[in-house]
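Below: one structure, written as structure tokens.
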Amino acid sequence: MENIFPSPHPLVAHKLTRLRDRATDHRTFRELVRELAILLTYEATADLPLRVKTVETPLAPHVGQEMTDRIGLVPILRAGLGMVEGVWELLPAAQVWHIGLYRDEQTLKPVEYYNKLPVEPTVSLCLILDPMLATGGSASATVDILKRWGVRRIKFIGLIAAPQGIARLHSDHPEVPIHIAAIDETLNDRGYILPGLGDAGDRQFGTG
Ligand code: PRP
Ligand code: URA
């Protein structure tokens, strides 16, 4: 399958294992989510376009480069929130546009509860942030929202995906690259990723 990018980086594998561990406390869990978001964003932004920018060093002029994109970070509430701070350290000029979705526990379908996007798009590239790609319903619905907003270039950055979620997002939106720390085995009958890490929102916010 094209456009699927599991991270090959040893630091990502190491931190993800600590994140999965049920013995990891909430505070450490949040730190790891933040650090993993930075590492994955570094990989996901490797192809961003640049234009020439000339600066004066203290000694001489230098013909350098700068990014051309206006970037929007789109965390899916709640669990995507924990990824924002890390990504923002790399991309301090990025705008943050929150999308609120929760999964109906019976149908597993996403229900939208927060969306304050203005009428016209204000960014040229959106990075969707959500640790878990389970059935893929939430990520796919978020891409739909962003496409309706008028954004053409969209990437998904997550931590753990089920094969079912990758298949769904890729089939609905094949042009959206999926950057992920790991692809797990399957989903359980409640739509949780196995082995996964449990409930990413609860483990970040101490509500489990
Ligand atoms: C989780 C997760 C994703 C979604 C993934 O959110 O953060 O948004 O489930 O599942 P899907 O791929 O099957 O759609 P949840 O609905 O638990 O809401 P929360 O983050 O507010 O806890
Ligand atoms: N949401 C989570 O937080 N964890 C899963 O495994 C699936 C959806």
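Everything numeric in this text was worked out from a predicted model, so none of it was measured. Every heavy atom of this structure was used, including side-chain atoms; hydrogens, water molecules and symmetry mates were not. The residues of the chain are indexed from 1 along the displayed sequence. Remember, it's 1-based here, ligands and their atoms both numbered in the order they're listed.
- With respect to Leu197, the side chain to side chain contact (heavy atoms under 4.5 Å, CB included) criterion is satisfied by exactly one of Val33, Ile160, Asp184: Ile160.
- For the 3.5 Å distance criterion, the side chains of Thr207 and Arg78 qualify, holding a donor opposite an acceptor.
- At a heavy-atom cutoff of 4.0 Å, ligand 2 is contacted by the side chain of Ala134 but not by its backbone.
- At least one heavy atom of Gly136 sits less than 4.0 Å from an atom of ligand 1.
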Would His173 and Asp144 count as a side-chain hydrogen bond (donor to acceptor under 3.5 Å, both in side chains) here? Give the steps. CA-CA 9 Å; His173 305 286; Asp144 285 333; 3.2 Å; yes

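- One option in Arg78, Gln204, Arg203 has a heavy atom closer to atom 21 (O) of ligand 1 than any other, and that option is Arg78.
- When the heavy atoms of Gly208, Ser138, Gly191, Gly165 are ranked by distance to atom 14 (O) of ligand 1, first place goes to Ser138.
- Of the protein's non-hydrogen atoms, the one nearest atom 4 (N) of ligand 2 is Gly198 O, 2.8 Å.
- The atoms of ligand 1 that sit less than 4.0 Å from any heavy atom of Gly137 are 12 (O), 14 (O).
- In this structure, the protein non-hydrogen atom closest to atom 17 (O) of ligand 1 is Asp199 OD2, 4.3 Å.
- Of the protein's heavy atoms, Ala200 N, 2.8 Å lies nearest to atom 3 (O) of ligand 2.
- Protein heavy atom closest to atom 8 (C) of ligand 2, with residue, atom name and distance, is Arg103 NH2, 3.5 Å.
- Numbered from 1 in the order shown, with element, the atoms of ligand 1 that lie under 4.0 Å from a heavy atom of Tyr102 read 16 (O).
- Within the 4.0 Å heavy-atom shell around ligand 2 one finds Gly191.
- Among protein heavy atoms, the minimum distance from atom 5 (C) of ligand 2 is reached at Tyr192 CD2, 3.4 Å.
- In the vicinity of Met132, heavy-atom distances shorter than 4.0 Å reach the ligand 1 atoms 3 (C), 5 (C).
- Protein heavy atom in closest approach to atom 16 (O) of ligand 1: Arg103 N, 2.9 Å.
- For the residue pair Thr24 and Asp21, no side-chain donor N or O sits within less than 3.5 Å of a side-chain acceptor on the partner.
- Ranking protein heavy atoms by distance to atom 18 (O) of ligand 1, first place goes to Leu101 O, 4.2 Å.
- Residue, atom and distance of the protein heavy atom nearest to atom 13 (O) of ligand 1 are Thr135 OG1, 2.5 Å.
- Between Asp69 and Arg51 there is no salt bridge, since no side-chain nitrogen of the basic residue lies less than 4.0 Å from a carboxylate oxygen of the acidic one.
- Using a 4.0 Å cut-off between heavy atoms, Asp130 contacts ligand 1 through its side chain alone, with no backbone atom that close.
- Remark: distances from the non-hydrogen atoms of Arg203 to ligand 2 are all 4.0 Å or more.
- One hydrophobic cluster, built from ILVMFWY side chains closer than 4.5 Å, cannot hold both Leu146 and Val87; they sit in different ones.
- Partner Leu127 forms a side chain to side chain contact (heavy atoms under 4.5 Å, CB included) with one of Arg153, Lys155, Met83 and no other, that one being Lys155.
- Under a hydrophobic-cluster definition in which Ile, Leu, Val, Met, Phe, Trp and Tyr are linked whenever side-chain heavy atoms come within less than 4.5 Å, directly or via other members, Phe29 and Val12 are assigned to the same cluster.
- Ring geometry for Tyr102 versus Tyr113: interplanar angle of 30 to 60°, hence tilted.
- Looking at atom 6 (O) of ligand 2, its nearest protein heavy atom turns out to be Ile193 N, 2.8 Å.
- In this structure, a donor-acceptor pair under 3.5 Å is present between the side chains of Glu43 and Ser7.
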